[in-house]
Amino acid sequence: MTSKRVSLRSSDIEIPQLSKELCSRLLADLEKAKRPVLYATKCSLDNAMYNPKVGYFTPGPKKVATELNVSSVKKMSRAIFMLEILLRNLETGAVNTKRELYYIAKGYIKGDPSMKPLDFEDQIESDSTIDFICEMLEIYREEVNCYANDRGGQTYSQQLIVEETMSDGEKATIDLSKLGTSPFQPKNRPQSLKLRVSKKVDFCLIVESEGTANTLVANGFTKRHNCILLGAGGVPSNAVRGWCKLIQDQLAVPLYFFGDLDAYTMQNIYRTLKAGSAASLIRNEEFSAPEVRFLGVLPEDIKKYDLFDYPVKENDATEGRALKKASDALKNDPFFQDKRNKGLAQILRWLLENKRRCEQQSYFTVDPKDPTMPEKIIVDKIRSGRYV
């Protein structure tokens with residue numbers, strides 16, 4: 001099966017048409033006494049293509065085939081059942097989270113006992129059905145009005161102005177300089193936002209820890225620098241990734257990521273923000289910011305600023321798993337294998353060889369009497385080009 005990619009910015013008309021064609025093929029095969037087969041994009045690292053000119057993971061040619069048989073009949077039937085619910089949302093304009101769709105499906109089944117064989121025992125089953133549909137049609141779940149219950153990063157700026165187009169066509173304008181200490185936090189579909197600035201913005205700083213981002217703002221960071229400061233909150237959600245992509249594309253300002261120096265941050269947080277993930281190959285085009293640089297903590301920062309670091313606990317299941325994944329990434333991950341990302345690969349090697357980690361908050365040890373010292377170091381690193 002081949003399907004046409006549908007952009008988040010395009011019309012929703014094509015999705016019902018793609019769905020109709022899919023179901024027509026299934027019905028035609030059944031009428032001919034043939035076993036229908038559904039083909040879905042394989043979303044895993046062995047089907048992830050990384051082209052540095054593009055800057056994010058894209059899907060390769062591999063497909064996963066599901067042929068109708070005793071073991072697959074429930075999976076295929078559930079897919080058609082959930083697809084009908086999603087298409088009804090498109091038709092009516094309704095929007096739902098995955099959790100809500102789980103209960104909507106159970107509501108339909110409750111009202112029709114004949115549908116009991118399709119019932120989902122838990123949300124994991126309905127979530128996987130939605131993902132299967134998206135991988136078949138090669139669309140984002142947002143394109144069928146299904147949103148994760150997440151929000152974009154907490155964002156501060158004295159220069160950024162956001163214009164949001166509402167579902168009814170009305171427009172709302174948010175001037176971030178008027179929000180005081182409250183952050184702007186875009187939700188769900190940042191692609192509906194238009195950005196402009198009241199004066200030139202020099203850079204966007206993406207801070208892994210929301211708490212540290214809030215501290216920098218409280219200590220006057222955004223008042224002293226023409227910038228956008230964003231608290232990402234750990235592993236970036238789709239909303240955070242889409243929001244950073246929007247800032248990159250609409251404002252064309254340099255983006256810098258400030259986070260911990262450890263294997264987990266490099267692979268699960270920074271790489272996901274920059275290039276997306278293998279699990280979301282279809283979505284990475286709109287949910288990654290390839291131009292973001294890794295500001296630190298860098299290995300050389302430890303000696304330069306006499307930062308507090310500490311050994312990785314290899315007997316800890318989480319940290320041990322992160323180190324193993326780092327070793328595997330250097331061998332198998334096309335992102336870290338690409339020569340343009342050799343500086344990032346060198347950081348992974350340093351982490352594996354030294355088995356130490358250093359947190360972003362360690363900058364606060366440099367001069368405990370000066371609350372702006374972390375800010376001074378960050379800005380100096382940006383101005384002097386000490387990033388990867």
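Excluded from the calculations below are hydrogen atoms, water molecules and symmetry mates; all remaining heavy atoms, backbone and side chain alike, are included. Since the model is a prediction, treat every value here as computed from it, not as a measurement.
- Remark: the Gln158 side chain and the His225 side chain contain no N/O donor-acceptor pair separated by less than 3.5 Å.
- Note that the CD atom of Glu67 and the OG atom of Ser72 stand 7.5 Å from one another [nearest 0.5 Å].
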Original post:
Given Val292 and Ile206, is the side chain to side chain contact (heavy atoms under 4.5 Å, CB included) satisfied, shown in steps?
Top reply: CA-CA 9 Å; Val292 63; Ile206 303 161; 4.0 Å; yes
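- We find that Lys63 and Glu138 are joined by a salt bridge, their nearest charged nitrogen and carboxylate oxygen being less than 4.0 Å apart.
- Donor-acceptor pairing under 3.5 Å is recorded for the side chains of Tyr363 and Asp301.
- Linking Ile, Leu, Val, Met, Phe, Trp and Tyr residues whenever their side-chain heavy atoms come within less than 4.5 Å places Leu298 and Leu330 in a single cluster.
- Between Phe184 and Tyr156, the distance from one ring center to the other does not fall under 6.0 angstrom.
- Residues Ile161 and Ile228 are members of separate hydrophobic clusters, defined by side-chain heavy-atom contacts under 4.5 angstrom among Ile, Leu, Val, Met, Phe, Trp and Tyr.
- A cation-pi contact links Lys75 to Phe132, judged by a cut-off of 6.0 Å to the six-membered ring centre and 45° from its axis.
- A salt bridge links Asp119 to Lys106: one of the charged nitrogens lies within less than 4.0 Å of a carboxylate oxygen.
- Contact check for Thr222 versus Cys227: side-chain heavy atoms found under the 4.5 Å cut-off.
- Atom CZ of Phe335 is separated from atom CZ of Arg271 by 7.5 Å, given to the nearest 0.5 angstrom.
- A salt bridge does not link Asp338 to Lys342: none of the charged nitrogens lies less than 4.0 Å from a carboxylate oxygen.
- Side-chain contact annotation: Asn145 with Asn96, donor-acceptor N/O pair under 3.5 Å absent.
- Counted by atom type alone, Gln361 and Thr212 present one or more donor-acceptor pairs between their side chains at under 3.5 Å.
- A salt bridge does not link Asp29 to Arg25: none of the charged side-chain nitrogens sits closer than 4.0 Å to a carboxylate oxygen.
- Using cut-offs of 30° and 60° on the angle between ring planes, the pair Tyr256 and Phe203 is perpendicular.
- Open room surrounds CE on Met49; 12 or fewer heavy atoms of other groups in view lie less than 6.0 Å from it.
- Between Phe81 and Thr129, every side-chain heavy-atom pair lies at or beyond the 4.5 Å cut-off.
- A salt bridge is absent between Glu285 and Lys245: the closest approach of a Lys/Arg side-chain nitrogen to an acidic carboxylate oxygen does not fall below 4.0 angstrom.
- One side chain, Tyr50 or Asn341, offers a donor N or O that lies under 3.5 Å from an acceptor on the other.
- The closest side-chain heavy-atom distance from Glu125 to Arg78 is below 4.5 Å.
- With hydrogens and angles left out, the side-chain atoms of Ser277 and Ser280 include a donor and acceptor closer than 3.5 Å.
- Electrostatic pairing of Glu135 and Lys42 does not count as a salt bridge here, judged by no charged N lying under 4.0 Å from a carboxylate O.
- For the residue pair Asn47 and Ser44, no side-chain donor N or O sits within less than 3.5 Å of a side-chain acceptor on the partner.
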Subject >> Trace of the ring-ring contact (aromatic ring centres under 6.0 Å, His included) decision for Tyr140 with Phe287 >> reply: CA-CA 10 Å; Tyr140 309 145; Phe287 295 92; 5.7 Å; yes
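- A donor-acceptor contact under 3.5 angstrom links the side chains of Thr265 and Asp262, judged on distance only.
- Ion pairing between Glu300 and Arg386 fails under the 4.0 Å rule for side-chain N and carboxylate O.
- Between Met82 and Ile133, the closest side-chain pair of non-hydrogen atoms falls below 4.5 Å.
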**OP:** Begin from the C-alpha positions of Asp260 and Val297 and carry the test side chain to side chain contact (heavy atoms under 4.5 Å, CB included) through to its verdict.
**Re:** CA-CA 6 Å; Asp260 294 347; Val297 180; 5.8 Å; no
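- Hydrophobic clustering, with ILVMFWY side chains joined whenever heavy atoms are under 4.5 angstrom apart, groups Leu87 together with Tyr108.
- Shown here is Lys110, whose NZ atom has no more than 12 heavy atoms of other residues, nucleotides or ligands within 6.0 Å.
- A salt bridge does not link Glu319 to Lys313: none of the charged side-chain nitrogens sits closer than 4.0 Å to a carboxylate oxygen.
- For the residue pair Tyr310/Glu359, the side-chain donor-acceptor check at 3.5 Å is satisfied.
- A salt bridge is absent between Lys194 and Glu164: the closest approach of a Lys/Arg side-chain nitrogen to an acidic carboxylate oxygen does not fall below 4.0 angstrom.
- Here the side chains of Leu26 and Met76 are in contact, with some heavy-atom distance below 4.5 Å.
- Ring geometry for Tyr270 against Phe294 counts as perpendicular: the plane angle is over 60°, on a 0 to 90° scale with 30° as the lower cut.
- A salt bridge is defined here as a Lys NZ or Arg NE, NH1 or NH2 lying under 4.0 Å from an Asp or Glu carboxylate O, and Lys324 with Asp328 meets this definition.
- Under the 4.0 Å criterion applied to side-chain N and carboxylate O atoms, Arg88 and Glu84 are assigned as salt-bridge partners.
- Phe258 and Phe364 fall into different hydrophobic clusters, where Ile, Leu, Val, Met, Phe, Trp and Tyr side chains are chained together by heavy-atom contacts under 4.5 Å.
- Environment of CD in Gln123: crowded, with over 12 heavy atoms of neighbouring residues, nucleotides or ligands closer than 6.0 Å.
- Using a 4.0 Å cut-off between charged nitrogen and carboxylate oxygen, Arg383 and Asp202 do not count as a salt-bridge pair.
- Leu27 and Met136 end up in different hydrophobic clusters when Ile, Leu, Val, Met, Phe, Trp and Tyr side chains are linked at under 4.5 Å.
- Within 6.0 Å of atom NZ in Lys34, 12 or fewer heavy atoms from other residues, nucleotides or ligands are found, so the atom counts as exposed in its surroundings.
- Side-chain contact between Leu137 and Leu83 is present, with heavy atoms from C-beta onward closer than 4.5 Å.
- With contacts defined as side-chain heavy-atom distances shorter than 4.5 Å, the pair Leu307/Val366 qualifies.
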